[in-house]
**Student:** 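Let me give you the structure first, and then I'll get to my questions.
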Amino acid sequence: MLIKLIEVCLHDQRSSTRELYVNASNIVSISKEVRPRVIEETKALGFSNLTVFSTIVINEGASTKVTTVAHSPDEIQKRIKSSKSLLKG
């Protein structure tokens, strides 16, 4: 099942956000984002100081993708659980 997340794209000259749809079964790991550069860049994008960011690792077959999203690890876990319960219902 796909879950919708807000991806934070950090580039040298500018940063942006976009919607990211991920197959929940392809998420390998989730960790809280603690890099100072990421925190500062997201403030420039208009995110609140209270927003928690996470780094997720996504399995893409022969490779993995590491990306930053504007959700806490707990929130992502809840989305994964709710998407799986919809399949059973």
Side-chain angles (χ1 to χ4, degrees):
M1 192 65 160
L2 295 177
I3 59 171
K4 179 181 169 183
L5 302 170
I6 302 299
E7 180 180 18
V8 178
C9 306
L10 302 174
H11 305 287
D12 291 334
Q13 299 298 321
R14 63 186 179 114
S15 301
S16 61
T17 60
R18 64 181 174 189
E19 292 180 350
L20 174 68
Y21 290 87
V22 179
N23 185 333
S25 62
N26 289 351
I27 296 177
V28 177
S29 67
I30 307 166
S31 60
K32 185 176 178 182
E33 180 60 68
V34 294
R35 294 179 290 173
R37 178 181 177 262
V38 173
I39 306 298
E40 290 303 316
E41 289 286 332
T42 55
K43 286 180 187 174
L45 288 171
F47 285 99
S48 165
N49 290 337
L50 301 175
T51 305
V52 178
F53 297 90
S54 299
T55 299
I56 60 172
V57 179
I58 303 166
N59 180 8
E60 293 185 329
S63 65
T64 57
K65 176 182 177 182
V66 178
T67 189
T68 302
V69 294
H71 304 278
S72 71
D74 291 336
E75 184 180 349
I76 296 169
Q77 186 64 31
K78 287 176 188 173
R79 288 177 184 225
I80 291 170
K81 285 182 180 180
S82 69
S83 72
K84 288 182 180 179
S85 67
L86 291 176
L87 294 175
K88 295 177 186 175

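Predicted model, so just to flag it, every value in this text is computed and none were measured.
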**Student:** Indicate yes or no: at least one non-hydrogen side-chain atom of Val66 is less than 4.5 angstrom from one of Ile56.
**Tutor:**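 No, too far: nothing below the 4.5 Å cut-off.
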**Student:** Report yes or no: do Asp74 and Ser72 form a side-chain donor-acceptor pair below 3.5 Å?
**Tutor:**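 The answer is no; no qualifying pair exists.
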**Student:** For Thr42 and Val38, indicate whether the former's side chain and the latter's backbone hold a donor-acceptor pair under 3.5 Å.
**Tutor:**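 Indeed, once roles are kept as given, a pair shorter than 3.5 Å links the two residues.
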**Student:** Any side-chain heavy atom of Thr55 sitting closer than 4.5 Å to one from Thr67?
**Tutor:**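 They are not in contact (no side-chain heavy atoms under 4.5 Å apart), so the answer is no.
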**Student:** Do Glu19 and Ile6 come close enough that some side-chain heavy atom pair is under 4.5 Å?
**Tutor:**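 They are in contact (side-chain heavy atoms under 4.5 Å apart), so the answer is yes.
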**Student:** Is there a side-chain contact (heavy atoms from CB on, under 4.5 Å) between Lys43 and Asn49 once you walk through the steps?
**Tutor:** CA-CA 7 Å; Lys43 286 180 187 174; Asn49 290 337; 3.1 Å; yes
**Student:** To the nearest 0.5 angstrom, please state how far the CD atom of Gln77 sits from the CD1 atom of Ile27.
**Tutor:**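 It comes to 9.0 Å.
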**Student:** Are Phe47 and Leu10 linked, directly or through intermediate hydrophobic residues, by side-chain heavy-atom contacts shorter than 4.5 Å (ILVMFWY only)?
**Tutor:**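 They do share one cluster, since a chain of ILVMFWY contacts under 4.5 Å joins Leu10 to Phe47.
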**Student:** Any non-hydrogen side-chain atom of Arg18 less than 4.5 Å from a side-chain atom of Ser16?
**Tutor:**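 Side chain of Arg18 against side chain of Ser16, heavy atoms only: no contact under 4.5 Å found.
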**Student:** When rounded to the nearest 0.5 angstrom, what distance separates OH in Tyr21 from CG in Leu5?
**Tutor:**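 So the OH of Tyr21 and the CG of Leu5 are separated by 10.0 Å.
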**Student:** To the nearest 0.5 Å, tell me how far Leu20 CG sits from Ile3 CD1.
**Tutor:**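 Answer for the CG-CD1 pair, Leu20 versus Ile3, is 8.5 Å.
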**Student:** His71 versus Val52: any side-chain heavy-atom pair under 4.5 Å?
**Tutor:**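 When only atoms from C-beta onward are counted, Val52 and His71 do not touch, as no gap falls below 4.5 Å.
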**Student:** Consider only side-chain N and O atoms of Ser54 and Glu33, and report whether a donor and an acceptor are under 3.5 Å apart.
**Tutor:**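 Result is no, nothing qualifies.
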**Student:** Does some side-chain heavy atom of Ile80 sit less than 4.5 Å from a side-chain heavy atom of Met1?
**Tutor:**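 They are not in contact (no side-chain heavy atoms under 4.5 Å apart), so the answer is no.
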**Student:** So, do Val69 and Phe53 sit near enough that their side-chain heavy atoms are less than 4.5 Å apart?
**Tutor:**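 Not in contact.
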**Student:** How long is the straight-line distance from SG of Cys9 back to CZ of Arg14, given to the nearest 0.5 Å?
**Tutor:**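 Rounded to the nearest 0.5 Å, the CZ-SG separation comes to 9.5 Å.
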**Student:** Under a 4.5 Å cut-off applied to non-hydrogen side-chain atoms, are Ile58 and Val28 in contact?
**Tutor:**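 No, side chains not in contact.
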**Student:** Write down the atom of Arg37, the atom of His11, and the distance for their closest heavy-atom approach.
**Tutor:**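 Of all heavy-atom pairs spanning Arg37 and His11, the closest is NH2-O, 3.4 Å.
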**Student:** Can you tell me how far apart OG1 (Thr64) and CD (Glu60) are? Round to the nearest 0.5 Å.
**Tutor:**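 If we round to the nearest 0.5 Å, Thr64:OG1 and Glu60:CD are 7.5 Å apart.
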**Student:** Between Lys78 and Glu75 (salt bridge meaning N to carboxylate O under 4.0 Å), is one present in this structure?
**Tutor:**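 Looking at Lys78 and Glu75, the cut-off is not met.
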**Student:** Could you check Thr68 against Arg35 for side-chain contact (heavy atoms from CB on, under 4.5 Å), going step by step and ending with a plain yes or no?
**Tutor:** CA-CA 11 Å; Thr68 302; Arg35 294 179 290 173; 3.5 Å; yes
